[in-house]
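Here is the structure we will look at, set down as structure tokens.
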Amino acid sequence: MASIGVFCASSQRLDQRWLDLAHQLGVEIGRRGHELVSGGGCVGMMGAVADGARDGGGRTYGVIPQSLVDLEVADTKSDELVVTDGMASRKTMMIQRADAFVVLPGGLGTLDELFEVWTTATLDLHRKPVVLFDADGFYEGLVGWLRGLVDQEFVRPAAMSMLLVSRDVTAALDLLEESLLR
């Protein structure tokens, strides 16, 4: 069993297909016997992935800043919910707890988390796999831009190869599991 950190949107205004995708990933994480490490929220894709993990029989570990607890968006159904003093410590705790990461579609917070976990991997501060979940081409433009940074020598090819890209729930988790075995 691995602890899988999932970064994703917490917006409550998303199209249902994104919530369904998050739920599907959560179910598969739980079904495979993994623990979900989430941002500790009960709304948007974050809530859907946590509910999915529990529906799949998995354990959930949430990390949420006090400011979001105060807004009443904490995942109180989480098996373990850790409250931090801010967003930076939340991210640090999630990175420490998780063995691997999946980055679902999201906005600025999700991109911040993606770049933090990927950058720290390229600096060899951890060796945890990172899968960018490119559902429906959501991250296609970003991946193309990043490849252009490699071509211009702003990003090393080795760093780019550390970012695993998948468009399918099963394939994303297969990539993580294969990477964890290496």
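V155 places none of its side-chain heavy atoms less than 4.5 Å from the side chain of T122. Looking only at side-chain heavy atoms (C-beta outward), E35 and R97 come within less than 4.5 Å of each other. No side-chain heavy atom of P105 sits under 4.5 Å from any side-chain heavy atom of D136. Inter-residue side-chain proximity for V165 and F133 is flagged as unmet; no heavy-atom pair is nearer than 4.5 Å. Two residues are said to be in side-chain contact when any heavy atoms from C-beta on lie closer than 4.5 Å; M162 and W118 meet this criterion. Between I4 and E28 there is no side-chain heavy-atom pair separated by less than 4.5 Å. Counting heavy atoms from C-beta on, the side chains of L180 and H34 never come closer than 4.5 Å.
Contact record, D134 with E140: OD1-N, 3.2 Å, taken as the closest heavy-atom pair. Taking each heavy atom of M45 and L14 in turn, the nearest pair found is CG-CD1, 3.6 Å. Between L19 and G44, the shortest heavy-atom distance links the atoms CD2-C, 3.4 Å. Nearest heavy atoms, A50 versus T60: O-CG2, 3.8 Å.
Other residues, nucleotides and ligands contribute at most 12 non-hydrogen atoms within 6.0 Å of the CZ atom of R127. Counted within 6.0 Å of CD on E72, heavy atoms from surrounding residues, nucleotides or ligands total 12 or fewer; the atom is thus considered open.
Using a 4.0 Å cut-off between charged nitrogen and carboxylate oxygen, K91 and E113 do not count as a salt-bridge pair. Salt bridge annotation for D79-R54: absent, with no cationic side-chain nitrogen under 4.0 angstrom from a carboxylate oxygen.
Between the side chain of R31 and the backbone N or O of G57 there is no donor-acceptor pair closer than 3.5 Å.
Ring planes of F101 and F7: parallel class, angle under 30° (limits at 30 and 60°).
Annotation: the span from M46 atom CE to S11 atom OG amounts to 11.0 Å, rounded to 0.5 Å.
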